[in-house]
Amino acid sequence: MRVEDSRTQARDPSASGDAFEGVGTLLRHAVRANGQASSFTREIRRQSLGVDTSLAATRGSVGRDTAAATAERLRSELVEAVTRAMETVTAEIGRIGGRIDEKATEAARAAQTIDRIGATIRMLSLNATIEAARAGEHGKGFAVVAAEVRSLADQTRESARQVGAAIDFADVRAELQALRQSTDTALLALGTAVRSTADRIEALLGGVGTELAAISASNASINEALGAMQACLDRTEAKAGRALALSIEGLEATRGGPVPDPARHGLPRREAGFDRLDSILARGTLRIAIEPAFKGLSFRQRANGPLIGLDVEYAQAFARHLGVTADFVECAWDACTELLEAGPRPNEAPADIVWSALPPSAAFEGVAYSRAYTYLPYVLARRTGDTRIGGLADLEGRALGIINDPSAYATLEAAGLRWGGNLSAKGRRIATLGSLIPMTDQGRIHDALADGVVDAFAVDAPIMHWACTSPDSPWRGRIEILPGNLAPSPWFYAAAVADHPSSCRLLMAVDAFLDGFIGTAERAAIERRWQGNPVAGSGSYRDEPGNLRGSPDLVAAYRAQAGHEPLLPDLVTRRRAA
């Protein structure tokens, strides 16, 4: 039996078919596994949202502010009850003492009356004795009676004196006063104990509230991560499905079927001689990948309204420079660069350019960057009037929100913040966060801060400027920007194209446009409108780590592929002709 070498097998169509079929099988497995992971993630997120709702309700009952109010109310009620008891006991003791004094006075008056009666009778008996003596023999019997009456009067007066001594309540009054004083002392001690207990209850409930807040912040972070994971899984599932369809078409091609058309799957044209700038000028539209929920950068003030913002106005100005219409392709910010390599859906072309708050970073692969078109501070925002937070040092143990951007993590770490994932980082430490919550849904940034999901937000200044200052903003008066820049130098944004020779002339056109646009009144008006004032800076993609690529690199690739220098068309003449 003849054994074919590997080169013969590679030329065998059946071997290619087997390879495509294997790819299809693996992709089907990947799609199925991804679907299962997506289901698990949705269920975990649903449970996480339920936990967050329960935590919010519990925090409403035992949170720090509620605990203080509850403890204060309990303290007031108990102190009021003790005070009422003290007043009641004191009043009752006083009433009883008064009644005793009244009875003693009445008894004393009665004894005095009896004593006076006895004295009068004695005086009368003396007079009777005298008169009996004058009567001689006839008054002897009356004298005996008078003597007896005088003796009875003396006994009555002595009994009255004894009764007066017996009903002297001075010692009882002294004992009542002593009882009143001891009762006051006991009730005061009870009031002090009540206050102390209320203070301990407040501290206990406040501690519980703090722990619940920490759990809630961690749960919010988990929920954000699950949201980002779900978005990634959805994108992975969609792209795996498209890859599966493409592999099936490739398998059919090995069996004599038609050659797959990448455009049907939203893949870019890469054949020799294709030039993206020429394609844009020919069709009259510039496809711009952009995030639609970035307040201040690219957003809508109302549903179905036009996109507005700093990035939108820059991109529209570039489209006008080319003499074409701006066609915004909306997607999540962290997926914008992916649209340069694959359209959002089958039969949809890739984006020509990303113009959406993109800080050049090695984390974004397969892209080449323009020069910077805007500079901005990276700021800290807080709820209006929250004087607890005046800077990074005040974030100790608190929850900080950020955009899920590699540059944000690096900037905060360099500034001295630490969090769960980088506690071992070297260098100075300003504060250790209780929780770092990276947001992937850019539409939730301002609500997360205003509603207390996070204590502060570190973010690009234009994203907060409109929200804090515009009369049309629902967050005006609720959130505010702290002065200063968290980064050592201004941040900057750049436009991005696919890192391929076919995008060379497009990137050259962007840089040429920016060279002329930066010093214009239109550009100054854009900057004032969306971040207060233009910010001076000098950074570029060349200053970032990772050997990022720009127009000089694409020019070299273009020259190597085409054999000549890339040239820009006369856009002014073209616009005039149009």
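Numbering of residues begins at 1 and proceeds along the displayed sequence.
Nearest heavy atom pair, residue Leu339 against residue Pro344, reads CD2-N, 3.8 Å. In terms of heavy-atom proximity, Cys468 sits nearest to Ile479 at SG-O, 3.5 Å. Contact between Ala495 and Val510 at its shortest, heavy atoms only, is CB-CG1, 4.2 Å. Smallest separation of non-hydrogen atoms from Leu395 and Ala431: C-CB, 4.2 Å. Across all their heavy atoms, Ala408 and Ile402 have their closest contact at CB-CD1, 4.3 Å. A pairwise comparison of heavy atoms in Pro377 and Gly484 identifies CB-O, 4.3 Å as the closest pair.
Looking at heavy atoms from C-beta onward, Leu277 lies in side-chain contact with Leu322 at the 4.5 angstrom threshold. In this structure the side chain of Gln561 never reaches within 4.5 angstrom of the side chain of Ser502, judged on heavy atoms. For the pair Leu297 and Gln442, the minimum side-chain heavy-atom distance is 4.5 Å or more. Taking 4.5 Å as the limit, every side-chain heavy atom of Pro350 sits out of range of all side-chain heavy atoms of Leu340. Looking at Arg388 and Asp394, their side chains never come closer than 4.5 Å, going by heavy atoms from C-beta outward. Counting only heavy atoms from C-beta outward, the side chains of Leu449 and Trp475 never approach each other to under 4.5 Å. By the 4.5 Å heavy-atom criterion applied to side chains, Trp530 and Ile308 are counted as neighbours. Side-chain atoms of Leu482 and Val379, non-hydrogen and from C-beta on, never get closer than 4.5 Å to each other.
Partners of Ala525 under the side chain to side chain contact (heavy atoms under 4.5 Å, CB included) rule, at least two apart in sequence or in another chain, are Arg528, Arg529. Looking at residues two or more places apart in sequence or on another chain, you find a side chain to side chain contact (heavy atoms under 4.5 Å, CB included) between Glu330 and Ile290, Pro292, Arg300, Leu307. Every side chain to side chain contact (heavy atoms under 4.5 Å, CB included) that Val555 has, sequence neighbours left out, goes to Cys504, Met508, Arg559, Glu565, Pro566. Contacts of Pro359 classified as side chain to side chain contact (heavy atoms under 4.5 Å, CB included), with partners at least two apart in sequence or in another chain: Trp333, Asp405, Ser407. Contacts of Glu365 classified as side-chain hydrogen bond (donor to acceptor under 3.5 Å, both in side chains), with partners at least two apart in sequence or in another chain: none. Every residue was checked against the side-chain hydrogen bond (donor to acceptor under 3.5 Å, both in side chains) condition with Gln316, not counting sequence neighbours, and none meets it. Judged as a side-chain hydrogen bond (donor to acceptor under 3.5 Å, both in side chains), and not counting sequence neighbours, the contacts of Ser470 are Trp466. Partners of Asp553 under the salt bridge (charged side-chain N to carboxylate O under 4.0 Å, His left out) rule, at least two apart in sequence or in another chain, do not exist in this structure. In this structure, the ring pair (Phe, Tyr, Trp, His ring centres under 6.0 Å) partners of Tyr558, at least two apart in sequence or on a different chain, are His564.
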Tyr378 and Asp460: side chain to side chain contact (heavy atoms under 4.5 Å, CB included), yes or no, with the steps? CA-CA 5 Å; Tyr378 187 62; Asp460 317 12; 3.8 Å; yes

Check the pair Leu507 / Tyr369 against side chain to side chain contact (heavy atoms under 4.5 Å, CB included), numbers first and verdict last. CA-CA 8 Å; Leu507 188 56; Tyr369 298 97; over 6 Å; no

Verdict with reasoning, Leu400 to Trp419, per side chain to side chain contact (heavy atoms under 4.5 Å, CB included): CA-CA 10 Å; Leu400 175 67; Trp419 55 91; over 6 Å; no

Quick one: do Val354 and Phe364 satisfy side chain to side chain contact (heavy atoms under 4.5 Å, CB included)? Show the steps, please. CA-CA 12 Å; Val354 174; Phe364 305 114; over 6 Å; no

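With hydrogens and angles left out, the side-chain atoms of Glu527 and Tyr375 include no donor and acceptor closer than 3.5 Å.
To the nearest 0.5 Å, atoms OG1 (Thr469) and CG (Asp472) are separated by 10.0 Å. A distance of 12.5 Å separates CG of Leu436 from CZ of Arg418, quoted to the nearest 0.5 Å. Trp355 CH2 to Cys336 SG: the interatomic distance, rounded to the nearest 0.5 Å, is 14.0 Å. With rounding to the nearest 0.5 angstrom, the CG atom of Asp499 is 10.5 Å from the CG atom of Leu548. Rounding to the nearest 0.5 Å gives a distance of 9.0 Å between CH2 of Trp491 and CG of Leu486. Atom CZ in Phe517 sits 11.5 Å away from atom OH in Tyr373 (nearest 0.5 Å).
Each of Val497, Leu554, Leu281 was compared with Leu506 under the side-chain contact (heavy atoms from CB on, under 4.5 Å) criterion, and only Val497 meets it.
In this structure, the side chain of His446 engages the main chain of Ile463 through a donor-acceptor pair within 3.5 Å. With hydrogens and angles ignored, the 3.5 Å screen pairs a side-chain donor or acceptor of Ser356 with a backbone N or O of Glu291. Using a distance-only test at 3.5 Å, with no hydrogens or angles considered, a donor-acceptor pair links the side chain of Asp455 to the main chain of Ala399. For Thr432 (side chain) and Glu396 (main-chain N/O), no donor-acceptor pair under 3.5 Å exists by modelled atom type. With hydrogens and angles ignored, the 3.5 Å screen pairs a side-chain donor or acceptor of Asp311 with a backbone N or O of Ala357.
The salt bridge (Lys or Arg N to Asp or Glu O under 4.0 Å) contacts involving residues 474-487 comprise Arg382-Glu480, Asp451-Arg478, where partners must be two or more places apart or lie in separate chains. Note on residues 272-282: pairs passing side-chain hydrogen bond (donor to acceptor under 3.5 Å, both in side chains), not counting sequence neighbours, are Asp275-Arg505, Arg276-Asp352, Asp278-Arg505, Ser279-Arg283.
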Could you go through residues 535-544 and list every donor-acceptor pair under 3.5 Å that involves a side-chain atom there, pairing it with any protein atom two or more places apart or in another chain?
residue : atom : partner : partner atom : Å
Ser540  : OG   : Arg542  : N            : 3.2
Asp543  : OD2  : Ser540  : N            : 2.9

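Around CG of Asn547, the count of heavy atoms belonging to other residues, nucleotides or ligands within 6.0 Å does not exceed 12.
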